[in-house]
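Okay, so here's the structure we're looking at.
Quick note: numbers below take in every heavy atom, side chains included, and nothing from hydrogens, waters or symmetry partners. Per chain, numbering begins at 1; letters A, B, ... match sequence-line order.
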Amino acid sequence: MARWLGKVLPRAFYARDSRIVAPLLLNKLLESADGRVGRIVEVEAYCGALDEAAHTFRGKTARNATMFGPAGHMYVYFTYGMHWCCNAVCGKGEGWAVLIRALEPVAGLDAMRALRGTNDRDLCRGPARLTQAFGITGDEDGVDLVRGPSRFRITDDGRAPPADARASARIGISKAKDFPWRWSVPGNRFVSGSSKQA
DNA sequence: TGCGGGATTTACT
DNA sequence: GTAAATCCCGCAG
């Protein structure tokens with residue numbers, strides 16, 4: 001049985017609107033059972049039928065079935081021919097989820113460097129980078145983040161979300177790009193995107 | 001430091 | 001057939 005650095009977030013934490021859950025995930029930890037730990041510094045909410053940019057906007061398919069499943073599971077999808085991205089499923093089966101966009105590396109950096117190279121700032125700065133650093137692939141789609149044998153958990157080590165969390169437009173999408181459903185820790189150098197943005 | 005374009009495969013139209 | 005919730009490298013300034 002793996003030991004986790006922080007307190008594992010309960011199912012009820014996730015079983016809400018992804019726009020509520022997303023900012024609350026800032027400053028939480030993503031942990032793997034083999035000791036890789038990163039602090040969540042950037043997230044985006046995706047909102048099922050409300051949201052043309054969500055994979056679930058047009059209903060259930062084989063690819064997005066996990067996102068319509070129980071909250072607290074991990075939805076992992078493949079994009080651009082080479083990248084995996086990782087979400088926490090939210091709500092009660094509506095097809096809502098929060099995309100984990102960037103982490104500040106906390107522990108297990110050597111294992112991350114082995115997969116990502118030695119530029120520590122870029123280890124987990126971006127949704128496809130962090131999945132590579134943690135070894136997350138389609139094999140992990142649907143695993144439970146709350147209990148069971150899966151290698152991953154999101155935990156709370158007592159640090160509150162930033163009071164001044166920045167809500168801004170989402171990144172890397174062409175539809176519904178004006179909804180301010182991206183949240184980040186202000187000033188954190190591990191947030192993705194241009195180094196100039198606030 | 002900042003941009004522009006190629007990589008590469010999956011899922012849906 | 002084509003666009004995709006991206007990243008990385010090369011080149012210009």
Report task. Report the distance from atom NE2 of A/His55 to atom P of B/dT13, rounded to the nearest whole Å. Result -> 12 Å
Report summary line: Among B/dT13, C/dA4, B/dT10, the one nearest any side-chain atom of A/Lys175 is C/dA4
Query raised in the report: Can you tell me if the side-chain N/O atoms of A/Thr61 get under 4.0 Å from OP1 or OP2 in B/dC12?
Result: yes
Requested in this report: Would you mind reporting whether A/Trp84 and A/Glu140 have side-chain heavy atoms less than 4.5 Å apart?
Outcome: no
Report task. Compare the minimum distances between each of C/dC7, B/dA11, B/dT13 and the side chain of A/Arg63, then state the nucleotide with the smallest one. Result -> B/dA11
Report task. Quickly work out the A/Leu99 CG to C/dC7 C1' distance and round it to whole Å. Result -> 14 Å
Query raised in the report: Is the shortest side-chain N to carboxylate O distance from A/Arg19 to A/Asp51 below 4.0 Å?
Result: no
Report summary line: Closest to the side chain of A/Arg129, out of C/dC8, B/dT13, B/dT8, is C/dC8
Query raised in the report: For A/Ser168 and A/Arg182, does a side-chain donor sit closer than 3.5 Å to a side-chain acceptor?
Result: yes
Query raised in the report: Choosing from B/dA7, B/dT13, C/dC7, which nucleotide comes nearest the side chain of A/Ala128?
Result: C/dC7
Requested in this report: Round to a whole Å and report the spacing from CE of A/Met82 to P of C/dA5.
Outcome: 15 Å
Query - A/Asn119 CG to C/dC8 P, straight-line distance once rounded to whole Å - result: 9 Å
**Report entry** Aromatic ring of A/Tyr46 stacked on base six-ring of C/dA5, 5.5 Å, 30°
**Finding:** yes
Requested in this report: Measure from NZ on A/Lys177 to P on C/dT6 and round the result to the nearest Å.
Outcome: 12 Å
Query raised in the report: Is A/Ile173 touching bases, backbone alone, or none of the nucleic acid, heavy atoms closer than 4.0 Å?
Result: sugar-phosphate
Query raised in the report: Do A/Glu31 and A/Phe134 come within less than 4.5 Å of each other through their side chains, counting heavy atoms only?
Result: no
Report task. Searching all strands shown, indicate the nucleotide that pairs with C/dA5 (Watson-Crick or G-U wobble; both distances under 3.5 Å). Result -> none
Query raised in the report: Once you round it to whole Å, what is the distance between P of B/dT10 and CG of A/Asp141?
Result: 14 Å
Query raised in the report: So which one's nearest nucleotide on DNA chain C is more toward 5', A/Tyr77 or A/Asp122?
Result: A/Tyr77
Report task. Give none if B/dT8 has no partner; otherwise give the nucleotide forming a Watson-Crick or G-U wobble pair with it, both distances under 3.5 Å. Result -> none
Requested in this report: Nearest whole angstrom, please: distance from the P of C/dT6 to the CD1 of A/Ile136.
Outcome: 16 Å
Query raised in the report: So, are A/Arg159 and A/Asp157 salt-bridged, with charged N and O less than 4.0 Å apart?
Result: no
Query - Phosphate-side-chain proximity, A/Ser174 and C/dA4, N/O vs OP1/OP2 below 4.0 Å - result: yes
Query raised in the report: Does a side-chain N-to-carboxylate-O contact under 4.0 Å join A/Asp144 and A/Arg11?
Result: yes
Query raised in the report: Is the distance from OP1 or OP2 of C/dC7 to the nearest side-chain N or O of A/Arg125 less than 4.0 Å?
Result: no
Report task. Report the distance from atom CZ of A/Arg189 to atom P of B/dT1, rounded to the nearest whole Å. Result -> 12 Å
Query raised in the report: For A/Arg58, which contact category applies under a 4.0 Å heavy-atom criterion: base, sugar-phosphate, or nothing?
Result: sugar-phosphate
Query - Nearest-nucleotide pick for A/Arg116, side chain only, options being B/dT9, B/dA11, C/dC7 - result: C/dC7
